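Please read the structure below before turning to the comments.
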Amino acid sequence: MTLITSCLIRARGTYRSLYRFYANSATRTTDVHSVAQDSSPSKAEQPFRTTINDPLLHTEKDVGLFYTVDPNDLKKISPFGKALPLQFREECEAFNETSVMIRQPSLDVIKLMKQINWNLPPLKVVLFPSEVGVGMSLCLFHVLHYGFRKRMLLVNTPTAGEVLKLALDATPSPNNEQMWDTPAAASAWLKTFAINNEEILKETDFRTKFTYTWSARESTPAGTHLLDLIAYATDRIKYASECVGAIVKEVKTQVKEKNIQTLVTFDTINSYYGPSWIVKPDRSTVKPNEVTMVKALQELLLPDWNNAFIVVTIGPKGVLIPKVREKDNWLVHYPHFRTEHRLPGVLMYDGPMTVKSLLRTEGIEALEPFVPIQVQKYTDDEFNSQYRYYLDRNWIQNYRGREDEGRKEILFFTAKNPFEMAKFVGSR
Amino acid sequence: MLKSLLLLRPSPAQAARYLHLSKPYLTAGQTQYHGQKDSTWWEKYGSHVDPVQSRSELLNMDDLDERHFRPVKPVIPTYQSFSCFHDPIVSRVMGILLRDGNRELVEELMHKTFRTIKLIQVGKWHRAKTDEERAQIECNPVILLTRAVKNATPIVRLTRIAKGGTLYSVPIPMSPDRGVFTAIRMLIDSTHDARPHDQRFWTLFAKEIMDAAQNQGRTIKKKQEIHRNAELNRAYAHFKWQK
C-alpha cells in the first residue's frame with residue numbers, strides 16, 4: 001500500500017481523483033456543527049432571575065427562573081440548616097446568597113394547595129424522582145417557603161433518615177419497654193418546630209388540651225403553652241421523644257378548632273419503611289416502628305384529622321442498605337466494584353427507582369391514597385438558566401467553560417441532571 | 001498436508017519471531033524477542049506520521065493531508081482528552097496520586113479538592129468590597145495549582161559522589177520534569193502529614209495548594225530546606241565535573 005501511495009504522491013496531478021480509494025479514513029471530514037444551531041440571541045436575552053422573591057406571587061411564567069430567599073426567612077425555616085442539601089448549602093455560602101430555581105413540580109403542589117377543601121382528611125402529595133439527583137429537596141423547600149409565607153403551621157421533618165441512620169444515642173424508652181428513644185434527634189425536631197412556628201403559636205395561644213405524665217412524679221398539666229412544653233422537653237431530654245408524640249397529638253386535635261392550615265413535610269420518608277442502623281445490645285436491628293419518634297410522626301399520615309396538607313419526598317438515600325460489617329463485604333474494597341458504594345448516603349441502592357420499590361408495601365399502605373408528582377431533569381430552558389446563574393456567580397472558572405463550547409460540553413457530560421451538573425461544574 | 005495448509009502457520013523463518021506467544025512459560029528475554037526487527041516501539045512507528053492533536057485540526061484538515069494515505073502512529077492510551085476542561089498538570093497530579101490503578105478514586109479526590117478551593121475563594125470573592133480586592137483574588141483552582149507547583153519546584157538536588165574513599169553530598173541541577181514531580185510529591189506528602197489529621201484528604205490538600213500558591217506552608221518549607229542544604233554543600237559542587 002505504501003508503495004502505491006508513494007508512487008501516487010510522486011505523480012501528483014495525474015491521478016488526484018483516484019486518491020480516495022487508497023485513503024486510510026474518510027477524506028471529507030464532516031462539520032459536526034453543521035447540524036441545526038440553536039438560536040443564541042434568544043438565550044442571551046431571556047432572564048434567569050426574578051425580582052419576585054415571595055413564593056406567594058410566583059406563577060407559571062416563572063418556571064426556570066431563580067428567586068433569592070430572604071436570609072431571615074431562611075433562618076426561620078431551617079434554623080439548623082437541615083432543610084437544604086449539604087452541597088447546596090456550601091455553594092450558597094460561597095455565593096453569599098440562597099437562590100432556588102422555580103420548577104414545575106413545586107408550582108403544581110402550590111396549585112393543589114390553593115384548591116383543596118380543608119375540611120376533608122389531609123391530601124398527601126408524593127414527589128418522586130425520575131432519576132437520582134433531580135432536585136426534590138429543593139422543590140420541597142420552595143413549598144415550605146410558600147407555606148411559611150402564607151402563615152401556615154409547619155410540621156417539618158427535614159431529614160427523616162437521620163433519626164434512624166445516625167442516631168448515636170438511641171436509648172430504650174423509660175415508659176414503654178419495647179420502644180426506643182432518640183433524644184438528640186427529638187430535641188432538634190422540637191427546636192425546629194418551635195422556631196418555625198413561633199409567631200403562629202404566640203398569636204393563636206396554642207395551649208395543650210391533655211395532661212401528659214412523663215413519669216410518676218413529673219407531669220405537664222393541660223393548658224400549658226406549646227412553646228413552654230418544648231422548652232421543658234429540651235431541658236429534660238429524657239422525655240423529648242415522647243414530647244414529639246404529645247405535640248403531634250395536640251396539633252391533630254386542635255388545628256380544626258383554631259382553623260389554622262397545616263403543612264406537613266417529610267424528606268426521604270422511605271427511610272421510615274426500610275432498615276435502620278440502630279442495633280440492640282444483642283446485635284439485632286430495631287425496626288422503625290419501634291422508635292418512638294418515627295411512630296409518632298407516622299400518626300400524622302393517618303386520615304383522622306383535617307385542615308392539613310402533606311407533602312412527602314422519596315429518595316434513594318432513604319432506603320438504606322442494612323449495616324453490614326466491612327469484613328463481610330469483600331467486594332466493596334475492590335476498586336471497580338466501589339463505584340456504587342463509594343459515596344455513603346448517595347445511591348446506596350441497587351434496585352429500580354420506582355415508587356413501589358423505594359417505598360415498599362408498608363410505605364405505600366401508610367401513604368395511600370396519594371397524589372404522585374414526578375420531578376424530572378432540567379429542560380433546555382432550565383439548563384440554560386442554571387448555566388447562566390453559575391456564570392453570574394463566578395462559579396465556572398475555566399475560561400473555555402465560559403464559552404459556548406463549554407456549555408455544550410457540560411450539556412453532553414451531565415445530560416441535564418441537576419446533581420451531576422452541580423458536581424461537574426463545581427469540580428472544574 | 002492439506003490440513004497444514006488450511007491452518008495459518010508462520011513459516012519456520014518467522015516462527016522465532018512469535019516464540020514468546022507460543023511458549024508462555026518463557027519470559028520475553030528468554031525468547032530472543034528483543035533485538036528483532038520492529039520489536040521496539042520507536043523502530044516500528046518511526047516512519048509513521050503523528051496523529052491529529054486537536055479538534056480544530058480535525059475539522060480543518062485538508063483532503064490531501066498526509067495522514068489519509070500514510071500510516072499514522074497509534075494514539076497512546078493515556079487519559080488525554082480533547083475536552084475543554086482537560087489540563088496536563090491535573091493529569092500529572094492524578095497519575096502521581098494513583099494507587100492500585102484506582103483512577104476513579106483519584107478523580108473524585110481531585111474534584112473535591114478543586115471544589116473546596118473554589119468554595120473558599122469564590123466566597124472571598126463575593127464578600128470583597130472593592131473591585132481591586134476582587135481582581136487580586138484568584139478563584140481558578142487550576143491556576144492556583146500551577147502556581148503552587150511552580151513555587152514548590154526545587155532547582156538543585158543533592159547526590160552522593162564518592163571521591164577518595166568518602167561520600168560527599170554534592171548539589172547538582174535538577175531537570176525541570178524531575179522538579180515538577182518532586183514538587184507534586186512534596187505537596188502530597190505534606191498533606192499526609194498535615195494536622196488536624198482527622199479532616200478529609202481533599203480539605204487538607206486544598207489548603208496545601210493555596211498555601212503553596214502564596215509561598216507559605218509546609219511544602220515551601222521543605223523546598224527551602226532542600227535549597228539550604230544545597231547551599232551548605234556548595235563547596236563540593238565542582239565534584240560533578242571534576243571526576
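Proteins get letters first, then strands, A, B, ... in listed order; numbering begins at 1 in each. Side chains included, hydrogens not; waters and symmetry mates left out as well; all remaining heavy atoms used. Being a predicted model, the structure only gives us computed values, none of them experimental.
- More than 12 non-hydrogen atoms from other residues, nucleotides or ligands lie less than 6.0 angstrom from CZ of Arg218(B).
- How far CD of Gln121(B) is from CG of Asn394(A): 11.0 Å, rounded to the nearest 0.5 Å.
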Item to complete: Check step by step if side chain to side chain contact (heavy atoms under 4.5 Å, CB included) holds for His111(B) and Arg428(A).
Response: CA-CA 7 Å; His111(B) 290 334; Arg428(A) 273 152 240 256; 3.2 Å; yes
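- Looking at Glu97(A), there are no atoms closer than 4.5 Å to chain B (heavy atoms on both sides), in backbone or side chain.
- Looking at Ile143(B), only its side chain comes within 4.5 Å of chain A, counting heavy atoms on both sides.
- With a 6.0 Å radius and a threshold of 12 heavy atoms from other residues, nucleotides or ligands, Glu420(A) has its CD atom above the threshold.
- Sparse packing is recorded around CD of Gln136(B), with 12 or fewer heavy atoms of other residues, nucleotides or ligands lying under 6.0 Å away.
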Worksheet item: Should Leu119(B) and Trp395(A) be marked as a side chain to side chain contact (heavy atoms under 4.5 Å, CB included) after you check the CA-CA gap, both sets of side-chain angles, and the distance that decides it?
Response: CA-CA 9 Å; Leu119(B) 282 171; Trp395(A) 191 230; 3.6 Å; yes
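- Listed by first and then second residue, the ring pair (Phe, Tyr, Trp, His ring centres under 6.0 Å) pairs that reach into residues 193-214 of chain B are His192(B)-Phe201(B), Phe201(B)-Phe205(B), sequence neighbours excluded.
- Both the backbone and the side chain of Val122(B) come within contact range of chain A, with heavy atoms under 4.5 Å apart.
- Atom CZ of Arg195(B) has more than 12 heavy atoms from other residues, nucleotides or ligands within 6.0 Å.
- Of all heavy-atom pairs spanning Arg115(B) and Glu90(A), the tightest one is NH1-OE1, 2.9 Å.
- Of all non-hydrogen atoms in Ala94(A) and His126(B), the two that sit nearest each other are O-CD2, 3.2 Å.
- Interface remark: of the candidates Asn140(B), Thr113(B), Thr116(B), Asn140(B) forms the most heavy-atom pairs closer than 4.5 Å to chain A.
- Evaluation of the ring-ring contact (aromatic ring centres under 6.0 Å, His included) rule for Phe85(B) yields Phe424(A) as partners, not counting sequence neighbours.
- Contact check for Arg127(B) versus Asn96(A): side-chain heavy atoms found under the 4.5 Å cut-off.
- Under a 3.5 Å cut-off, the side chain of Lys118(B) and the backbone N or O of Ser427(A) do not form any donor-acceptor pair.
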